[in-house]
Amino acid sequence: MKGNVFFPMVSTVFLMVGMAIPQAIAETKGPATGEIRIVDPGKTERCASDFTVENIDGDAADLKVVLGNKVYIDEMVNPGERLAYSLPGTISVAISRGREDLDYDDVAIIINLGPKAKLQVRCIDLPSNPLKTKDPLRTFR
């Protein structure tokens, strides 16, 4: 008698878990979200947060990133190469190196100088940490 009850109960539990997993996956956002934009040679894109730059062409691309009113990053991006930048970190380093014209609210202006290659730019918006302001153990830290 116990064997007849055990199998349907276990089957029901596995069925319920199996139905819940796809919904949980669908409701979960990735760790970083942001719209992917293609930047043609001679064009620009703005990011107010961290960003990635990827060369999606077969030729090298000349990347410039302007912070404030001056070019801060100037490098060639090889075909298929992906670079990631932390905007607050980059601004911090620039300020520590004497760039007094910068503020932490500045945006990065990403410029593709080509000559032929297209760049894929993604501004990354990280989800906020809900415990940052609502941590019940905050008084103990």
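Side-chain atoms are counted along with the backbone in the values below, which use heavy atoms only and exclude waters and symmetry mates.
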Which heavy atom of D74 sits nearest a heavy atom of V71, and at what distance?
CB-CG1, 4.2 Å
Answer yes or no: is there a donor N or O on one side and an acceptor on the other, between the side chain of S49 and the main chain of I124, under 3.5 Å?
yes
So, does D50 use its side chain to make a donor-acceptor pair with the main chain of L87 at under 3.5 Å?
yes
To check you understand the geometry: which heavy-atom pair defines the closest contact between A61 and A117, and what is its length?
CB-CB, 3.7 Å
Using modelled atom types and a 3.5 Å cut-off, is there a donor and acceptor pairing between side-chain atoms of N112 and backbone atoms of G42?
no
Hey, what do you get for CG (L83) to CZ (F51), rounding to the nearest 0.5 Å?
9.5 Å
Taking all heavy atoms of G68 and all of D101, pick out the closest pair and write down the distance.
CA-OD2, 4.3 Å
Should I95 and Y72 be counted in the same cluster of Ile, Leu, Val, Met, Phe, Trp and Tyr side chains packed under 4.5 Å apart?
yes
Would you check if the side chain of D103 reaches a backbone N or O of D105 as a donor-acceptor pair within less than 3.5 Å?
yes
Any chance you could measure M76, atom CE, to D62, atom CG, to the nearest 0.5 Å?
5.0 Å
From CG (D40) to NZ (K118), nearest 0.5 Å:
4.5 Å
Quick one: do L113 and V66 end up in the same hydrophobic cluster if we chain Ile, Leu, Val, Met, Phe, Trp and Tyr together by side-chain heavy atoms under 4.5 Å apart?
yes
Taking I56 as the starting point, is it possible to reach V39 by hopping between hydrophobic residues whose side chains are less than 4.5 Å apart?
no
P41 and G114 have their tightest heavy-atom pair at CB-CA, 3.8 Å
Between A60 and P115 the two heavy atoms that sit nearest each other are O-CD, 4.0 Å
Between S92 and G89 (side chain of the first, backbone of the second, donor and acceptor by atom type, cut-off under 3.5 Å), is there such a pair?
no
Quick one: which of T90, V53, L67, I110 gives a side-chain contact (heavy atoms from CB on, under 4.5 Å) with I73?
T90
To the closest 0.5 Å, what do you measure between CZ (R82) and CD (E54)?
4.0 Å
Between NZ on residue K70 and CG on residue L102, distance to nearest 0.5 Å:
9.0 Å
Single-linkage hydrophobic cluster, 4.5 Å side-chain cutoff, Y104 and I109 together
no
E45 CD to C123 SG distance, which is reported to the nearest 0.5 Å:
6.0 Å
Examine I111 and V121 and state if one hydrophobic cluster contains both, with Ile, Leu, Val, Met, Phe, Trp and Tyr joined whenever side-chain heavy atoms are less than 4.5 Å apart.
no
I'd like to know whether CZ of R99 has more than 12 heavy-atom contacts from other residues, nucleotides or ligands below 6.0 angstrom.
yes
